[in-house]
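Okay, so here's the structure we're looking at.
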Amino acid sequence: YGFEVKEKKYVREVEGDIIQMEHLSTGAQVIVIDNQDVKKSFLIGFRTIPKDSTGVFHILEHSVLNGSRKYPDKDTFVNLMKHSMAEFVNAITYPDHTVYPFCTENEKDFMNLADVYLNAVFCPNVLTDKEIFEQEGWHFQCEDGKTPEINGVVYNEMKGVFSSLDSILEGEISKAMFPETAYRFVSGGFPDTIPALSYEEFLEYYRTFYNASNCCIVLYG
């Protein structure tokens, strides 16, 4: 199927074989953890190295789940939670990578979810719909007679995060400990910095990082 097996070995801790493969035409990495666990799990992840604290990868994580070419529903993620048999469905932005995992015992559900996730990350509607970026990232909101205010899902979420002194302290410690690395930035986005991100920059980040040559897919069970 166009993959080359790089390594295969039995690992006692997972009670099965771990098979590392590479997709020859794209360079995508695939790791298969082949055991008898009934909880079938899937993850697709991308190496996402931030260059600032605009939270671009956090906004991307939210945005790609707002409809895709094959599944245009803007509430894709919410409806997955309602109609799937999955025990776990999520998307997580870390300081240097972003992952989209799920877990289900049902084989048909597994294939459906994998199709939704793959279409979401590789064919998202946000590439042509700026409103998704503005909704999930940031936009100016004007009410009659009032000063325009910044609004947005990620913007408001990170305002909540940085209302905690612990979060502020953690951010300052990271900047002090890793001053020459990407870990000095706030991968989730710092509220004062998020509005510096333009839609055009957002799209360029997507094209650079959300591609098969920069991804790893894990299949378990």
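Basis for what follows: all heavy atoms, side chains included, without hydrogens, waters or symmetry-related copies.
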Describe, in one word, how the ring planes of [X] and [Y] are oriented to each other, choosing from parallel (under 30°), tilted (30 to 60°) and perpendicular (over 60°).
X: His62; Y: His58; answer: perpendicular
X: Phe46; Y: Tyr210; answer: parallel
X: Phe140; Y: Trp138; answer: perpendicular

Is it true that [X] and [Y] have a side-chain N and a carboxylate O under 4.0 angstrom from each other?
X: Lys74; Y: Asp129; value: yes
X: Asp96; Y: Arg47; value: no
X: Lys6; Y: Glu4; value: yes

Heavy atoms, side chains only, cut-off 4.5 Å: are Ile31 and Ile19 in contact?
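No, every pair of side-chain atoms sits at 4.5 Å or beyond.
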Can you list the residues that meet the side chain to side chain contact (heavy atoms under 4.5 Å, CB included) rule with Arg207, with sequence neighbours excluded?
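Testing Arg207 for side chain to side chain contact (heavy atoms under 4.5 Å, CB included), a comparison that skips the adjacent residues, returns Leu203, Glu204.
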Run the numbers on Val32 and Tyr220 for side chain to side chain contact (heavy atoms under 4.5 Å, CB included), then give the verdict.
CA-CA 6 Å; Val32 179; Tyr220 171 92; over 6 Å; no
Kindly say whether [Y] contributes a backbone atom to a donor-acceptor pair with the side chain of [X] at under 3.5 angstrom?
X: Ser163; Y: Gly160; result: yes
X: Gln29; Y: Gly27; result: yes
X: Tyr206; Y: Val121; result: yes
X: Ser167; Y: Phe162; result: no
X: Asn66; Y: Ile132; result: no

State whether a side-chain donor-acceptor pair under 3.5 Å links Thr26 with Ser213.
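The criterion, which ignores hydrogens and geometry beyond distance, is not satisfied for Ser213 and Thr26.
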Strictly by modelled atom types, are Asn156 and Asn151 linked by a side-chain donor-acceptor pair under 3.5 Å?
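Present: a donor and an acceptor within the cut-off.
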Flag yes if more than 12 heavy atoms outside Glu105 fall under 6.0 Å of its CD atom; otherwise flag no.
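More than 12 heavy atoms, drawn from other residues, nucleotides or ligands, come within 6.0 Å of this atom.
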Output, in order, the C-alpha distance, side-chain angles, deciding distance and verdict of side chain to side chain contact (heavy atoms under 4.5 Å, CB included) for Phe3 and Leu24.
CA-CA 6 Å; Phe3 291 89; Leu24 294 175; over 6 Å; no
Evaluate the ring-ring contact (aromatic ring centres under 6.0 Å, His included) criterion for residues Phe110 and Phe102: first the C-alpha distance (whole Å), next the side-chain angles of each, then the deciding distance (0.1 Å), finally the verdict.
CA-CA 8 Å; Phe110 179 93; Phe102 70 78; 5.4 Å; yes
Could you tell me the separation between the CZ atom of Phe202 and the CD atom of Glu136, rounded to the nearest 0.5 Å?
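It is 9.0 Å, given to the nearest 0.5 Å.
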The single option from Ile59, Val154, Thr193, Ile194 passing side chain to side chain contact (heavy atoms under 4.5 Å, CB included) against Thr54:
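The single option meeting the side chain to side chain contact (heavy atoms under 4.5 Å, CB included) with Thr54 is Thr193.
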Applying the side chain to side chain donor-acceptor pair (under 3.5 Å) criterion to Ser84, which one of Thr104, Asn106, Asp109 satisfies it?
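Between Ser84 and the candidates, side chain to side chain donor-acceptor pair (under 3.5 Å) is satisfied uniquely by Asp109.
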